[in-house]
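Residue numbers run from 1 in the order of the sequence given.
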Amino acid sequence: EIRFCDWSSDVCSSDLPGMEISPGQCRAARALLNWTQEELAKKVGVALRTIRDFENERRQPLKVVRSSIQQAFEQAGIEFLESEGLRLKK
């Protein structure tokens with residue numbers, strides 16, 4: 001079971017400082033790769049609801065899940081940039 005942190009609070013003791021994928025970056029990366037939420041959920045090994053809730057900013061998955069999402073995109077050729085940017089690697 002995946003546990004979540006509520007967007008309205010900073011209750012996630014497992015979170016560490018540093019750059020992390022945002023919901024907007026997740027949506028943009030999926031669009032660049034032409035992936036559905038279902039495809040991303042399968043690649044990451046989480047429930048569809050996890051991706052849906054993250055992208056809609058309803059709930060924030062734990063850092064380990066966000067890292068797995070980011071890694072899946074990076075392995076597919078997405079490069080994350082500072083200040084919410086991203087692009088396909090050349």
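Side-chain contact between Phe73 and Leu86 is absent, with no heavy atoms from C-beta onward closer than 4.5 Å. Taking 4.5 Å as the limit, some side-chain heavy atom of Cys26 sits within range of a side-chain heavy atom of Ile69. Residues Asp53 and Pro61 form no side-chain contact, since every pair of their non-hydrogen atoms from C-beta on lies 4.5 Å or further apart.
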(request) Please test Phe54 against Ile21 for side chain to side chain contact (heavy atoms under 4.5 Å, CB included), starting from the C-alpha separation and ending with a verdict. (result) CA-CA 10 Å; Phe54 177 53; Ile21 188 170; 4.2 Å; yes

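Every residue meeting the side-chain contact (heavy atoms from CB on, under 4.5 Å) condition with Ala41, not counting sequence neighbours, appears here in chain and number order: Val46, Ile51. Under the rule for a side-chain hydrogen bond (donor to acceptor under 3.5 Å, both in side chains), the partners of Arg87 that lie at least two apart in sequence or sit in another chain are Glu79. In this view, Ser22 and Gln25, Glu84 satisfy the side-chain contact (heavy atoms from CB on, under 4.5 Å) rule, not counting sequence neighbours. Residues satisfying the side-chain contact (heavy atoms from CB on, under 4.5 Å) criterion with Leu48, sequence neighbours excluded, are Gln37, Glu38, Arg52. Residues satisfying the side-chain hydrogen bond (donor to acceptor under 3.5 Å, both in side chains) test with Gln70, not counting sequence neighbours, are Glu74. Ser67 pairs by the side-chain contact (heavy atoms from CB on, under 4.5 Å) definition with Lys63, not counting sequence neighbours.
Ala72 and Trp35 make their closest contact through O-CH2, 3.8 Å (heavy atoms, listed as atom of the first residue, atom of the second, distance).
For Arg66 (side chain) and Glu20 (main-chain N/O), no donor-acceptor pair under 3.5 Å exists by modelled atom type.
Connection of Val44 to Val64 is established within a shared hydrophobic cluster, with ILVMFWY side chains joined at heavy-atom distances below 4.5 Å, either directly or through further cluster members.
Distance CD/Gln71 to NZ/Lys43: 14.5 Å, rounded to 0.5 Å.
A salt bridge is absent between Glu39 and Arg30: the closest approach of a Lys/Arg side-chain nitrogen to an acidic carboxylate oxygen does not fall below 4.0 angstrom.
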